[in-house]
Amino acid sequence: MRFFRLLPAALLLLPVSWCGAQKPEELTEHTSATMAERFVAVPGSSVLFALHETTVMQWEAFLESSKYAWNYKPYFEQGADHPVVGVTLQDAKAFCAWLTDKERADQKLNMAQSYRLPTQAEWDAAVALLRTRKVDLTVDERVQDERIFPWGMRWPPPPKAGNFAEGEIPGYEDGFPFTSPVGRFAPSSEGLYDLAGNVWEWCWDVQIRAEQEGVLRGGSWAYFRPECLRSDYVYRVPATMQMPTIGFRCVFEDKQRSAALLAVMEQSRQKIRDERREQMMGGPVDKAEVEAMRKKMAGEEVSVLPDPAKLAPAAAGKPFMNSLGMDFVPVGGKLLAGSQEVRMQDFEAWLKAAGRTWEGKPSFLLGGTHPAAGLSWQDAHDFCEWLTKRDIGFKLIPEKAAYRLPSDVEWSQMAGLKDEAGADPAARAGAVKDHFPWSAKGDFPPPPMSTNLDALKVPEYSDSYSYTAPVSTEASNEMGVSGLGGNVSEWCGDSWPGDDTARVVRGGSWLSSDKDKLLTSARRRTPAASTSPDIGFRVVLELPAP
């Protein structure tokens, strides 16, 4: 069992703060002396992954050192080099916290470094899903992500692919009726073992809600169905579940390294967005915007507005960027629609100019590119009037043009729902039962990670956000409009029929989970003076007739 022996001190990769010339982004390996475990980098992630699942020996060292209360015993025998089983989500998190505290106390880690469980997105990177390594996927690549296994596309698995249900997969034998020693099967290209089979592994995305459910990835020794062993399969279980098929592995995070790598990743994404915007701006995007994003990823809040003199004026049928850097796309006639929900940085620009305060601002809003939420219908209306005067002053829109909230009918058209029956929003509410903003065929739930919902309450769905998400995270529909299905619900211009004090609200949000309320045809009757942490808005630009 060579991986249990401590490596010579000369071979240990020291933490960044003691590495002298080594920069954070160059940290591609780390060794935990406590665990005698190597951690390596994987493309598409800023953390380092343990090569192996946490073992019985490592777990027992934790129990002895911490006096943690735990007494699970599986019904089969395990060796010291087998993966520990019967751990709950909290148990696994406790191990990571103990390991972090111990190695900080031993001066093996600095305060920017820690051990934890991987997030779902990080697990996706470990199993090399293309969505973690490319910005824009082709249809074929998306299909590949849905069908691939950690070992490739082959089924049944090739020899030595992993420890699965013994004898249940025709033509495949692994030699182990229960768990196997870690590292016995073929590793990934980065050297990670048992990403498929042996034990399910806990993932953890920081949640603000009570952790009643947890996420497992990777399959186990008791599983044999191909759909459960695919790389993108997500198994949701109670967070307190203890089973002889469940274990975990740790990741190592250096926040300095993470900040540097995330900045590089964001710059790559920004380059693609810049190329798309060139036709809107009449030339290349100012590189200062990329630098601002780099600084923001490093923790500095910087917002750089485009130079109005370099922007092309709005014209019917053409994409447009306004003086706040908001993108608009043509949706028919003289109407341009905001491709994304109004951001915090946009809304705060109006607040500052108007000398207003944000009374209903939710405490969780994290950054300037998250959608503005917790504002009244009148706030949204006043923002539109201010923005109209601003862009007329910059000669970006004609004198008789106007920014405004979309009408109920226009919102449906932006979401691809046309020709609804019913004389008013109340009559149309919920009438069409087979259309969602992400699917004109009525597919539910949406594709994983495609929108921002209350994912813990939506069976077989997952996303990466506990609250709102940056508006750029959702894919656009055929018209170039994104965020209609989730993130924040949106004020419309219409009064609710028979109630002048209420307005129409459309679309799902980060608090939405009910299927019927996520239909494109769903409407909410909401007091115009109210504010809610899940309601924001987008604007449309109406150009005058020639």
Listed once per pair and sorted, the salt bridge (charged side-chain N to carboxylate O under 4.0 Å, His left out) pairs that draw on [range], sequence neighbours left out:
range	value
residues 468-495	Glu490-Arg538
residues 227-239	Arg225-Glu227
residues 436-451	none

Exercise: do [X] and [Y] side chains pair donor with acceptor under 3.5 Å:
X	Y	result
Arg503	Ser495	yes
Ser489	Arg506	no
Thr357	Glu359	yes
Glu122	Ser45	no

Checklist entry - Step by step, would you call Phe347 with Trp358 a ring-ring contact (aromatic ring centres under 6.0 Å, His included)? => result CA-CA 9 Å; Phe347 192 68; Trp358 195 342; 4.8 Å; yes
Checklist entry - Should Glu348 and Arg356 count as an ion pair when the cut-off is N to O under 4.0 Å? => result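 Looking at Glu348 and Arg356, the cut-off is not met.
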Checklist entry - So, are Arg524 and Asp534 salt-bridged, with charged N and O less than 4.0 Å apart? => result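 Counted as a salt bridge, because a side-chain N and a carboxylate O are separated by less than 4.0 Å.
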Item to check | Results of side chain to side chain donor-acceptor pair (under 3.5 Å) for Glu385 - residues two or more places apart only | outcome: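 His381.
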Next on the checklist: Could you work out, with side chain to side chain contact (heavy atoms under 4.5 Å, CB included) as the rule, every residue matching Asp419, not counting sequence neighbours?
Outcome noted: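 Asp419 satisfies side chain to side chain contact (heavy atoms under 4.5 Å, CB included) with no other residue.
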Checklist entry - Taking the six-membered ring for Trp, are the ring centroids of Phe252 and Phe49 within less than 6.0 Å of each other? => result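 Ring centres of Phe49 and Phe252 not closer than 6.0 Å.
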Checklist entry - Which class fits the ring pair Tyr223 and Trp200: parallel under 30°, tilted 30 to 60°, perpendicular over 60°? => result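 Rings of Tyr223 and Trp200: perpendicular, over 60°.
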Next on the checklist: So for atom CD, which belongs to Glu460, do other residues, nucleotides or ligands contribute more than 12 heavy atoms lying within a distance under 6.0 Å?
Outcome noted: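 Counting neighbours around CD of Glu460, 12 or fewer heavy atoms of other residues, nucleotides or ligands fall under 6.0 Å, so no.
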Item to check | All pairs passing ring-ring contact (aromatic ring centres under 6.0 Å, His included) where residues 394-424 contributes a residue, at least two apart | outcome: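 Every ring-ring contact (aromatic ring centres under 6.0 Å, His included) pair that includes a residue of residues 394-424, provided the two are not neighbours, is Phe328-Tyr403.
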Next on the checklist: For a 4.5 angstrom cut-off between non-hydrogen side-chain atoms, does Arg116 reach Glu253?
Outcome noted: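 Yes. Closest side-chain heavy atoms under 4.5 Å.
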